[in-house]
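We use all heavy atoms of the structure for the numbers below, so side chains are in, but hydrogens, waters and symmetry mates are not.
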Amino acid sequence: MPPFASGLLVLTAPLPALPRRAAGLVAAAAGLVAGPLYVHLQPGLRLGGPAAGPAAPPAGPALLRALAALYTAAAARRGLDLRVLLGPGRRLARQPRVLLAAAAEAPGPPEPVQLGLQRLAAAVYGCPPSLPALLLGEDTEGDPEGDPQPDPDATLPEFLDVAVGGTFDRLHGAHRLLLSACCLLARRRLLAGVADGELLRHKVLPELIEPYELRAAKLREFLEDVKPSLCYDIVPLADPFGPSVTDPELQCLVVSEETHRGGEAVNRKRLENGLPELALYEIQLMKDPEHSQNEEEKISSSSLRQRLLGTLLQPPRRDPALPLRPYVIGLTGGTGSGKTSMAKLLGQLGAFVIDADQLGHAVYVPGGPAYEPVVAAFGAEILNKDGTINRKVLGAKVFGNQEQLKRLTDIVWPKIAQLVKERVREADAQGKAVCVLDAAVLLEAGWQDMVHEVWTAIIPEEEAVRRIVARDGLTEEAARQRLQSQMSNRQRVEQSQVVLCSLWEPHITRQQVQKAWDLLQRRLSPEPGP
C-alpha cells in the first residue's frame with residue numbers, strides 16, 4: 001500500500017513534453033500515493049527560484065493533449081484517482097499529504113526545490129508548510145517519434161454556459177478528460193446531466209452502477225477541485241435530452257465521437273423549441289491500455305463494471321456463531337442466470353457443493369422431514385396414488401396466493417436448512433475447506449445467516465427469457481412471469497459480496513469463477529506474521 005493517502009504533483013515542464021513523460025511520472029507518483037493525486041501544471045516555473053504566483057497554462061490543444069496523456073497513464077494504474085487542476089487555487093477536497101515534483105525538472109540541490117514546493121502548496125492550496133516534499137525519478141520512454149505536435153498558438157473557444165451528459169459511473173480517465181474539456185470551455189457555468197432511471201436499463205451490468213447520489217457527489221467533488229471558479233449544475237437525466245433542449249442560456253454541448261449524433265438530435269429539439277443550436281465540441285475517445293477480449297477498446301464504465309465481476313464488493317459477514325471452517329459460500333441467482341453451471345465449476349476447483357434444490361426434493365418424500373407437516377397443512381388431495389406428494393397439485397394451490405405460499409415455505413425452508421447444516425458437517429468431516437450452497441431461494445429463505453459470503457449470478461432479463469424459452473419450452477410471456485415472480489437482480493446484488501455474470505462466452509464465465517475462487521483463497525490464507 002502506498003505510504004501517503006493523497007498527494008500534490010507539481011509539473012513545470014513545457015506542455016508538449018508531457019505526453020512523452022506522463023506514463024513514467026504517473027507510475028512513480030502512484031507508487032507513493034494511494035489517491036487522490038492532484039496535479040498542478042505550471043510550465044516554466046523554477047521551483048528552486050524566487051516564489052511565483054500560480055499561472056495556469058493556456059487552454060489550447062497542447063493542454064488537452066497533456067491531459068489525455070496524464071489520464072491515460074492513470075488508467076493503467078487501476079484505482080488511482082488523478083485530478084489535474086485547471087483553475088485558481090483553493091483548499092482541495094482531500095488535503096495532500098505529500099508534495100512531489102519531477103527530479104528532471106529541478107536540476108541542482110534538492111533542498112531549494114523542496115522548499116519551493118512547500119511554498120507553492122501553502123500559498124495556492126492552503127497546505128501546511130511542513131508537508132514532506134519528494135523528487136521523482138521517471139521512465140521517459142514511450143511517445144512515438146513523429147507524433148503530431150499541436151499548434152502552440154491555438155486556443156480553445158470559450159462559452160459562458162456549457163452542457164455535458166453521461167452516466168459518470170466510477171469516474172474514470174475518459175470522464176475526467178471530457179469534464180476537463182468542459183471546464184476549459186466554460187467561463188461561467190457547467191450543466192452536467194447524470195443518466196438515471198430508465199436510461200440505465202440497457203447498460204452493461206446496470207446492477208453494478210453506483211447510485212445516482214453517489215455518482216453526483218463524486219462528480220461535484222472532482223469538478224470543484226479541478227476548477228472551483230465555475231458554477232456547477234448537476235441534475236439527473238430521465239430522458240436523453242434533459243435541460244439541454246430547454247435551457248436558453250446554454251451555448252455549447254460537449255460530446256464524444258459516440259455521442260455526436262445525440263448532440264445533433266439535441267439541436268433539432270432546440271430548434272423545435274424555438275432555441276438556438278448549441279455549438280458541438282467533440283472530444284476524442286481514450287483507448288483503454290488494458291482492455292480484455294470481451295471489453296470495449298475505449299476506456300468505459302462498462303469495462304470497469306465487468307472487472308468487478310468475481311471481486312469482493314463488500315466485506316464478508318462476521319458472525320461469531322458461524323464457524324470459520326468450512327467456509328460457506330451461498331451461491332444464488334434467478335432462473336437462467338447460469339448459477340448451476342457456476343456451482344459445477346466451483347466443485348471442479350475443490351469446493352464441496354450442496355444442491356439446495358435436491359435437498360428440497362428430499363424433504364417432500366414419504367418419511368422426509370416436511371412430508372407429514374405439508375400433507376397436514378394442504379390435505380390428502382395433494383397426494384398421488386402411491387402416497388407421494390404431487391408437486392404440481394401442491395404448486396397450483398400456492399401459485400399466486402402469497403398467504404398459502406408463505407404457509408408452505410414456513411414448513412419447508414427450515415427443514416431444508418437443517419439438511420444443509422448436516423451436509424456442511426459432512427464436508428467438515430471430509431476436510432473440505434470451502435462449501436458452496438447452490439440455492440435459488442437463498443436470500444428469500446433467509447439462509448444468508450448460514451453462509452460467510454453471498455455470491456450472485458446475474459443475467460439481463462432479455463437473455464434470461466431467451467434461455468428459459470429454449471430450455472423449458474415456455475412462451476416468452478410465461479418466462480417473463482416466472483422472472484417477475486422472483487427477486488430482482490438488483491435486490492440480490494445489494495445483499496451480495498461477489499457478483500458473477502454468464503452473459504458472454506463460456507470461457508469468460510470460467511475466467512470469472514476462477515478469479516473469484518483465487519481471490520477467495522487469498523482471503524482465507526492466514527496473514528503472514530511480522
Are any side-chain N or O atoms of T311 and backbone N or O atoms of L308, one a donor and one an acceptor, separated by less than 3.5 Å? yes
Partner of I416 under side chain to side chain contact (heavy atoms under 4.5 Å, CB included), picked from L359, D357, T409, V441, is L359
So do W517 and V434 actually touch side chain to side chain, heavy atoms under 4.5 Å? yes
Relative to each other, are the rings of H452 and Y327 parallel, tilted or perpendicular (30° and 60° limits)? parallel
Going from SG on C183 to CG on L85, what distance comes out if it is rounded to the nearest 0.5 angstrom? 10.5 Å
For E463, is there an ion pair with R467 - N to carboxylate O distance below 4.0 angstrom? yes
Short question: side chain of T332, backbone of A439 - any donor-acceptor pair under 3.5 Å? yes
Would the number of heavy atoms belonging to other residues, nucleotides or ligands and lying under 6.0 Å from NZ of K203 be above 12? no
Is the closest side-chain heavy-atom distance between L312 and E453 below 4.5 Å? yes
Between V33 and P2, is there a side-chain heavy-atom distance shorter than 4.5 Å? no
SB check R423 E426 (cutoff 4.0 Å): yes
Given L70 and L82, is the side chain to side chain contact (heavy atoms under 4.5 Å, CB included) satisfied, shown in steps? CA-CA 8 Å; L70 287 165; L82 189 78; 4.0 Å; yes
So does L345 get a backbone contact from the side chain of R510, meaning a donor-acceptor N/O pair under 3.5 Å? no
Testing the 3.5 Å rule here: is there a donor-acceptor pair between the side chains of S337 and R492? no
Between the CG atom in L313 and the OG atom in S496, the distance rounded to the nearest 0.5 Å is 8.0 Å
Side-chain donor or acceptor of H175 paired with backbone N/O of H172 under 3.5 Å: yes
Does the side chain of S502 come within less than 4.5 Å of K339's, by heavy atoms? no
Side-chain touch I508/Q511, heavy atoms, less than 4.5 angstrom: yes
Which pair of heavy atoms, one from P366 and one from G387, lies closest together, and at what distance? CG-O, 4.1 Å
Quick check: does any side chain N or O of E257 sit under 3.5 Å from a backbone N or O of I283, one acting as donor and the other as acceptor? no
As a quick check of understanding, evaluate side chain to side chain contact (heavy atoms under 4.5 Å, CB included) for W413 and V363, giving each step before the final call. CA-CA 9 Å; W413 284 349; V363 300; over 6 Å; no
Of the non-hydrogen atoms in V499 and L208, which two are nearest, and what is the gap between them? CG2-CD2, 4.3 Å
Would F378 and I389 count as a side chain to side chain contact (heavy atoms under 4.5 Å, CB included) here? Give the steps. CA-CA 10 Å; F378 293 94; I389 292 175; over 6 Å; no
Partner of S244 under side chain to side chain contact (heavy atoms under 4.5 Å, CB included), picked from N267, V164, V266, is V266
Exceeds 12 heavy-atom contacts within 6.0 angstrom, atom CD of E282: yes
How far apart are the C-alpha atoms of E198 and R201, what are their side-chain angles, what is the distance that settles it, and do they pass the salt bridge (Lys or Arg N to Asp or Glu O under 4.0 Å) test? CA-CA 5 Å; E198 280 297 303; R201 185 177 176 188; 3.8 Å; yes
Under the side chain to side chain contact (heavy atoms under 4.5 Å, CB included) criterion, do V84 and Y71 qualify, and how do the steps go? CA-CA 9 Å; V84 184; Y71 283 124; 3.7 Å; yes
Would you name the heavy atoms of F168 and G193 that are closest together and state the gap between them? CE1-O, 3.6 Å
Do K432 and F352 meet the cation-pi criteria used here (NZ or CZ under 6.0 Å from the six-membered ring centre, within 45° of the axis)? no
Is any side-chain N of the basic residue among R305 and E207 closer than 4.0 Å to the acidic one's carboxylate O? no
Quick one: CD on E422 to CZ on R425, what's the gap to the nearest 0.5 Å? 6.0 Å
If we only count heavy atoms from C-beta on, is the D449 to R317 side-chain gap below 4.5 Å? yes
Counting only N and O atoms by type, is there a donor-acceptor contact under 3.5 Å from the side chain of R480 to the main-chain atoms of V465? no
Separation between NZ (K397) and CD (Q404), nearest 0.5 Å, reads 7.5 Å
Between D239 and F241 (side chain of the first, backbone of the second, donor and acceptor by atom type, cut-off under 3.5 Å), is there such a pair? yes
Taking D169 for the side chain and E210 for the main chain, is one N or O donor matched with an acceptor at less than 3.5 Å? yes
Test: D438 and K344 ion pair at under 4.0 Å: no
How close do V353 and A343 get, counting heavy atoms only, and between which atoms? CG2-O, 3.5 Å
Here the gap from L519 atom CG to Q514 atom CD, rounded to the nearest 0.5 Å, amounts to 10.0 Å
Is the number of heavy atoms from other residues, nucleotides or ligands within 6.0 Å of CD (E381) greater than 12? yes
Do L219 and V194 come within less than 4.5 Å of each other through their side chains, counting heavy atoms only? yes
Taking all atoms of both residues into account, what is the closest heavy-atom pair of D472 and R482, and its distance? OD2-NH1, 2.7 Å
Rounded to the nearest 0.5 Å, what separates atom CD in E461 from atom CD1 in I468? 9.0 Å
Hey, is D81 close enough to R94 for a salt bridge, meaning N to O under 4.0 Å? no
Using only atom types and a distance under 3.5 Å, with no angle test, would you say the side chain of D386 pairs donor to acceptor with the backbone of T388? yes
For the residue pair S341 and T509, establish whether any side-chain heavy-atom pair is separated by less than 4.5 Å. no
So which heavy atom on I354 is nearest to which on C435, and how close? CD1-SG, 4.4 Å
Give a yes or no on whether a salt bridge exists between K218 and E221, defined as a side-chain N under 4.0 angstrom from a carboxylate O. no
Any donor-acceptor pair under 3.5 Å linking the side chain of E476 with the backbone of V469? no
Taking atom CD as the centre, does Q430 end up with more than 12 heavy-atom neighbours from other residues, nucleotides or ligands that are less than 6.0 angstrom away? yes
